[in-house]
Amino acid sequence: MDLVNIIYRYVQRFINSEELINLLENIDKNKFADDETEALNKLLLEVKEIIKTIPNEIDAVEKNRLKTINRMLSSLKKTLESDNLDEKGKEFLENQYNNMLKNKEKVRDSGLRYEKLFELLTHFPIYNHYCLQMDDLTLLEFITQYISVPLPPPISQKDFDELIEVGIKEDKRESLWRMAMNYNRKNKDFSKIEDYFISIRDDYYLAELISGVEEDLDLDRLIDKVLRTKDNDFIKKLANTSYLEPIFTDEQKEKIKNGIK
């Protein structure tokens, strides 16, 4: 799994080529067979050759990433400066702001260097061999080790739902939320996730789900599900979550308010 994690982190642009080399050089070779070790040594040489011959140049993906981060930082800053946040909401948004700022400042590989290393690493036979050995729970935990990755593993809605069912069975609430974050705007249906959070009355993760992937949710339908619980405490908590206020329309806010008995 060490190799799988290293390559996955590079592909998602969480580490750059300098960090990639360091991790590959220090990977525990005792976990690999002799022929695998030989292949790893060859891979490391090929990685170094690409880095040596191809400069790191900013590409459209990186420009768009920085543009998006700047826009989100500006929006978060305005929200944080408002007087409408309670302590919990302010803490949540401050964490988001600080994490986003660190993300912006990190140097990423891009351009032709990234493309060549991406192709080399993702076609490395040992990497693909270990990826195929993961069971559903391991795969769920692997995918959700990071939040909002640029390139989540391409899976069908059926496979997505199967992983969600594993997460529900194991009560992996953080993993379920992270799955939604990672597949945001990837044409996935998150009904199973929202239904689970509602069924166990987890207002915290339901609010996080709404704030993180509102574009992929049918909020009117979700609100109806919440109101059908007739659980006043649960409904009140959702109504009083300050960072959801800009997301809900006036009609939706009124609907939630009227649902409180």
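Fair warning: this is a prediction, and the values are worked out from it, not measured in the lab. Side chains are part of it too, since the values below use all heavy atoms of this structure and drop only hydrogens, waters and symmetry mates.
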Flag the pair Glu25 and Lys48 as a salt bridge only when some basic side-chain nitrogen lies within less than 4.0 angstrom of an acidic carboxylate oxygen. yes
Please report the shortest heavy-atom distance between Thr241 and Ala207, naming the atom on each side. CG2-CB, 4.0 Å
Shortest non-hydrogen contact from Ser110 to Asn56? N-OD1, 2.8 Å
Say whether, by atom type as modelled, one donor and one acceptor occur between the side chain of Ser74 and the main chain of Asn70 under 3.5 angstrom. no
Note: Leu80 and Tyr97 closest approach over all heavy atoms is CD1-CB, 4.2 Å
Could you go through the salt bridge (Lys or Arg N to Asp or Glu O under 4.0 Å) check for Lys255 and Glu251 one step at a time? CA-CA 6 Å; Lys255 191 175 186 178; Glu251 291 79 7; over 6 Å; no
Output the distance between atom CD1 (Ile15) and atom CG (Asn22), rounded to the nearest 0.5 Å. 9.5 Å
Using side-chain heavy atoms (C-beta onward) and a distance below 4.5 Å, is Glu194 in contact with Arg221? yes
When you look at Glu19 and Lys106, which way does the salt bridge (Lys or Arg N to Asp or Glu O under 4.0 Å) test go after all the steps? CA-CA 12 Å; Glu19 293 166 305; Lys106 186 175 178 65; 2.9 Å; yes
Applying side-chain hydrogen bond (donor to acceptor under 3.5 Å, both in side chains), run through Gln145 and Asn5 and close with a yes or a no. CA-CA 10 Å; Gln145 62 185 308; Asn5 277 315; 2.9 Å; yes
Could you tell me the separation between the CG atom of Leu24 and the CG atom of Leu43, rounded to the nearest 0.5 Å? 6.0 Å
If the condition is side-chain contact (heavy atoms from CB on, under 4.5 Å), which residues does Glu208 pass it with, not counting sequence neighbours? Phe92, Trp177, Tyr204, Ser211, Tyr243
Any salt bridge linking Lys42 with Glu38? Criterion: basic side-chain nitrogen under 4.0 Å from a carboxylate oxygen. no
Can you establish whether the number of heavy atoms outside Lys253 located under 6.0 Å from its atom NZ is more than 12? yes
Applying side-chain contact (heavy atoms from CB on, under 4.5 Å), name anything that partners Ala60, two or more places apart in sequence or on another chain. none
Going by ring-ring contact (aromatic ring centres under 6.0 Å, His included), name the pairs with one or both residues in residues 9-44, residues two or more places apart or in two chains. Tyr10-Tyr114, Phe14-Tyr146
Using every non-hydrogen atom in the two residues, find where Tyr8 and Ile143 come nearest and quote the distance to one decimal. OH-O, 4.0 Å
Under 4.0 Å between a Lys/Arg side-chain N and an Asp/Glu carboxylate O for Asp203 and Arg201? no
Taking all heavy atoms of Tyr130 and all of Val4, pick out the closest pair and write down the distance. CB-CG2, 3.6 Å
Asn182 versus Met179: any side-chain heavy-atom pair under 4.5 Å? no
Going by atom types alone, do Asp161 and Gln157 pair a side-chain donor with an acceptor below 3.5 Å? yes
Measure the shortest side-chain to side-chain distance between Leu176 and Leu140 over non-hydrogen atoms and say whether it is less than 4.5 angstrom. no
Residues in side-chain contact (heavy atoms from CB on, under 4.5 Å) with Asn41, at least two apart? Lys29, Thr37
Could you pull out the closest heavy-atom pair between Gly212 and Asn184, with the gap in Å? O-OD1, 3.8 Å
May I have the step-by-step check of side-chain contact (heavy atoms from CB on, under 4.5 Å) for Arg173 and Ile200, ending in yes or no? CA-CA 10 Å; Arg173 302 182 196 187; Ile200 60 175; 3.5 Å; yes
Does Glu141 form a salt bridge (Lys or Arg N to Asp or Glu O under 4.0 Å) with Lys172? I'd like the steps, not just the answer. CA-CA 9 Å; Glu141 292 176 340; Lys172 299 281 187 178; 3.2 Å; yes
Arg113 meets the side chain to side chain donor-acceptor pair (under 3.5 Å) criterion, sequence neighbours left out, with Ser17
Would you check if Ile210 and Leu238 make a side-chain contact, meaning some heavy-atom pair closer than 4.5 Å? yes
Is there a salt bridge (Lys or Arg N to Asp or Glu O under 4.0 Å) between Asp216 and Arg185 once you walk through the steps? CA-CA 7 Å; Asp216 291 318; Arg185 301 183 183 183; over 6 Å; no
Arg13 versus Leu151: any side-chain heavy-atom pair under 4.5 Å? no
Identify, with sequence neighbours excluded, every residue that meets side-chain contact (heavy atoms from CB on, under 4.5 Å) alongside Glu165. Lys192
